[in-house]
Amino acid sequence: MWRSLRLVSALGLCASAFAQSSTVDSYTSTESPIAKAGVLANIGPSGVKSSGAYPGVVIASPSTTDPDYLYTWVRDSSLVFKMLIDQYTSGQDTTLRAHIDNFIAAEANLQQVTNPSGTVSTGGLGEPKFNINETAFTGAWGRPQRDGPALRSISMITYANWLIANNNESYVTDSLWPIIKLDLDYVMNNWNETTFDLWEEVDSSSFFTSAVQHRALRQGSALAAEIGQSSVVSGYSTQADNILCFLQSYWNPSPGFMTANTGGGRSGRDANTVLTSIHVFDVEAGCDGVTFQPCSDIALSNLKVYVDSFREIYSINGGIRADQAVATGRYPEDVYQGGNPWYLASFAVAEQLYDALIVWSNEGSLTVTDVSFPFFQQFDTNITPGTYSSSTPIYSSLTTAIRNFADGFVAMAAKYTPSGGGLAEQYTRSDGTPTSAVDLTWSYASALTAFNARAGKTSASWGASCLSVSPTCSTSMAPTVPVVFNVNATTVVGQNIYLTGSVGALTDWSTTGAILMSSADYPIWSTAVTLPANTQIQYKYIIVDNGEVTWESDPNNEFTTSMSGITTINDVWR
Ligand SMILES: *[C@@H]1O[C@H](CO)[C@@H](O)[C@H](O)[C@H]1NC(C)=O
Ligand SMILES: *[C@@H]1O[C@H](CO)[C@@H](O)[C@H](O)[C@H]1NC(C)=O
Ligand SMILES: *[C@@H]1O[C@H](CO)[C@@H](O)[C@H](O)[C@H]1NC(C)=O
Ligand SMILES: *[C@@H]1O[C@H](CO)[C@@H](O)[C@H](O)[C@H]1NC(C)=O
């Protein structure tokens with residue numbers, strides 16, 4: 001009887017996951033062309049909803065009242081064109097070249113427009129928004145916003161790298177580089193000044209801004225080296241190292257999330273951080289935590305803390321199980337336009353998870369550490385830290401559950417997308433009705449990048465692999481790295497293998513508090529622990545049988561942890 005009941009409930013779960021996945025399949029195929037048309041409608045000079053916008057100018061939304069978004073923001077435009085440039089350079093859409101060249105010309109003009117933040121050489125590059133005829137917006141605003149120049153240079157460098165690979169280096173050197181260099185010099189010289197955050201509200205340091213500044217200088221220094229602009233290479237890379245160090249200081253170890261802003265007096269849980277992980281994603285960087293890759297343990301822990309902060313506060317999330325997708329917004333304390341869920345925030349959660357699935361699949365395994373444990377425990381209450389190869393049932397069931405979870409966020413956006421497919425900025429917390437600005441360009445772009453990630457498509461690598469925090473970096477938090485311990489040990493029933501060692505994270509040689517290892521891949525016992533980076537560690541495995549402890553024979557095992565990345569140690573019981 002018990003068996004057949006279990007079977008029925010298992011079938012029920014599979015059926016609903018299957019139904020959701022086909023709903024999401026059909027939503028992505030109908031919404032994709034609508035979202036693409038929605039983006040192009042908002043780009044001058046010929047966009048059908050952006051009359052008056054100069055060539056290459058992206059309007060934020062055609063909405064002119066409550067809110068009036070008929071302006072062009074450097075951040076939104078650059079994110080939108082990053083998506084279009086990725087589509088063009090990957091061959092997904094070969095019709096976009098004229099739009100891209102218009103964008104470059106428009107942004108080059110805007111760089112030179114004197115505005116309330118200054119002139120091109122006195123801080124004007126930090127100006128967040130302009131009129132759509134490329135004149136300055138002179139009203140009061142949260143300025144400067146220093147993510148704009150970083151994002152703009154990231155888009156243009158992506159295009160430049162493609163042009164170089166396609167025999168057009170002279171155009172890069174003569175025309176693109178001078179534009180890119182203005183933005184990179186601005187980032188190099190001003191990254192350590194306060195900024196308004198991407199939501200234009202908090203004036204402090206902001207994780208998203210710092211992270212994209214890091215990426216811009218890292219890519220900029222590589223491009224400069226490639227095209228022989230050697231005088232700027234070391235300046236850019238030195239400041240990139242400094243930002244990478246500073247980025248680590250946003251981490252809040254308990255309960256494991258990146259604090260979005262150093263000011264603002266809020267909880268710090270914010271879509272800012274999820275957007276960071278998708279916009280610094282580099283498919284060649286594995287699950288590196290130093291650069292906050294989507295599958296890193298800290299980014300997964302952060303994702304859970306962020307998502308959970310919306311479970312109780314929106315009525316439309318009522319009755320949804322704690323392991324299922326919910327509507328998410330910018331940050332839980334938000335009151336702007338009613339403080340509702342945002343489409344781009346829901347798509348960003350899905351995209352981070354799809355990106356993670358791509359990397360696990362490439363690597364043929366996934367690792368659960370003590371930091372990412374609460375995230376994975378949502379999908380398997382019995383999970384223990386360790387590495388699970390793609391041949392194991394645990395890997396299959398976890399990745400299936402995580403893909404369903406990711407699809408749930410797309411399904412949430414789909415449920416509250418009106419029949420014509422238009423994507424506003426927000427959908428209400430009370431009943432999901434679209435609200436605030438209509439046809440938000442960034443909403444459409446966020447749908448398209450999430451759909452691409454779901455289909456396994458990735459952007460060009462930007463050089464995030466093998467980066468590490470310099471030994472002279474000192475922030476309030478010492479850098480840590482995940483280490484996977486595997487030991488081949490034959491045991492008998494009743495015996496378990498534990499790990500203990502010389503640092504706090506290894507319980508300081510405790511036998512009673514030692515770390516229980518997983519025998520999912522028996523005779524390999526496995527666990528993963530976050531240890532201080534670049535530190536000499538001693539450890540041993542112990543067998544515990546009914547409280548009786550058997551130590552491995554001497555000497556202690558010993559190694560020095562790396563500066564970054566995941567280390568795997570394979571031992572045989574002595
Ligand atoms: C540009 O647009 C602004 C805002 O709509 C308007 O006030 C200004 O007159 C326009 N300037 C030009 C040169 O068209
Ligand atoms: C290089 O790219 C620019 C910008 O699209 C274009 O105008 C130019 O014709 C290209 N040159 C070559 C040789 O392809
Ligand atoms: C500037 O950098 C220092 C050192 O990393 C950091 O402590 C400080 O908070 C930074 N300030 C801003 C505004 O970024
Ligand atoms: C574990 O060790 C035993 C004995 O040395 C060896 O025969 C076996 O191949 C090892 N298993 C794995 C999975 O490495």
Side-chain angles (χ1 to χ4, degrees), residues 44-45 50-57 59-60 62 64-65 68-72 81 84-85 88-89 94-110 113-115 126 129-139 144-147 150 156 158-177 179-180 187-197 202-214 227 238-251 259-264 469-470 472-479:
S50 47
S51 151
Y54 276 24
V57 166
I59 65 166
T64 52
T65 49
D68 181 0
Y69 280 8
L70 192 55
Y71 295 95
T72 185
F81 264 95
L84 294 175
I85 288 168
Y88 178 73
T89 55
T94 56
T95 70
L96 297 168
R97 182 70 166 259
H99 282 297
I100 294 167
D101 289 339
N102 282 344
F103 165 71
I104 288 162
E107 296 301 320
N109 285 340
L110 289 176
V113 172
T114 296
N115 61 64
K129 78 174 196 183
F130 294 84
N131 293 321
I132 65 173
N133 60 10
E134 297 177 7
T135 60
F137 166 78
T138 54
Q145 295 177 22
R146 303 185 200 273
D147 54 343
M156 291 194 195
T158 306
Y159 186 41
N161 290 337
W162 180 86
L163 289 166
I164 291 169
N166 287 274
N167 304 313
N168 198 347
E169 182 168 337
S170 61
Y171 175 76
V172 173
T173 310
D174 300 344
S175 304
L176 270 185
W177 176 250
I179 306 166
I180 293 170
V187 173
M188 174 177 74
N189 293 324
N190 297 286
W191 72 266
N192 199 215
E193 306 287 327
T194 60
T195 176
F196 276 85
D197 69 322
V202 177
D203 186 14
S204 66
S205 300
S206 189
F207 183 61
F208 176 84
T209 304
S210 300
V212 298
Q213 289 173 331
H214 168 252
I227 62 173
T238 300
Q239 292 313 321
D241 288 343
N242 289 337
I243 305 174
L244 190 61
C245 168
F246 180 50
L247 276 168
Q248 315 307 313
S249 69
Y250 289 88
W251 180 244
T259 303
N261 303 304
T262 56
V469 175
S470 98
T472 56
C473 167
S474 70
T475 64
S476 52
M477 182 204 127

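Remember, it's a predicted structure, so these values are computed and weren't measured experimentally. When a residue number appears, it is its place in the shown sequence, counting from 1. Atoms within each ligand, like the ligands themselves, are counted from 1 in listed order.
- The side-chain contact (heavy atoms from CB on, under 4.5 Å) with Glu169 is formed by just one residue from the set Asn167, Asn166, Thr173; it is Thr173.
- Here the side chains of Glu107 and Ile179 are not in contact, with every heavy-atom distance at 4.5 Å or above.
- Among protein heavy atoms, atom 4 (C) of ligand 2 sits closest to Asp101 OD2, 3.4 Å.
- For atom 14 (O) of ligand 1, the candidate residues are Leu70, Ile132, Asn133; the nearest heavy-atom contact is made by Asn133.
- Those atoms of ligand 1 with a heavy atom of Asn131 less than 4.0 angstrom away are 3 (C), 4 (C).
- Looking only at distances, no side-chain donor or acceptor of Thr209 sits under 3.5 Å from a matching main-chain atom of Arg146.
- No donor-acceptor pair closer than 3.5 Å links the side chain of Asn131 to the backbone N or O of Asn133.
- Closer than 4.0 Å to atom 2 (O) of ligand 1 lies at least one heavy atom of the protein.
- At distances below 3.5 Å, at least one donor-acceptor pair connects side-chain atoms of Asp197 with backbone N or O atoms of Val202.
- Protein non-hydrogen atoms do not reach within 4.0 Å of atom 9 (O) of ligand 1.
- Using a 4.0 Å cut-off to heavy atoms of Glu193, the atoms of ligand 3 that qualify are 13 (C).
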Pair Asp101, Tyr159 - check side-chain hydrogen bond (donor to acceptor under 3.5 Å, both in side chains), show working.
CA-CA 10 Å; Asp101 289 339; Tyr159 186 41; 2.8 Å; yes

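- The closest heavy-atom contact to atom 11 (N) of ligand 2, among the options Val172, Asn168, Leu176, comes from Asn168.
- Note: no N/O pair closer than 3.5 Å links Tyr54 and ligand 1 by distance alone.
- Taking the side chain as every heavy atom from C-beta outward, Thr259 and Phe207 never approach each other to under 4.5 Å.
- Ligand 3 has a nitrogen or oxygen under 3.5 angstrom from a nitrogen or oxygen of Asn192.
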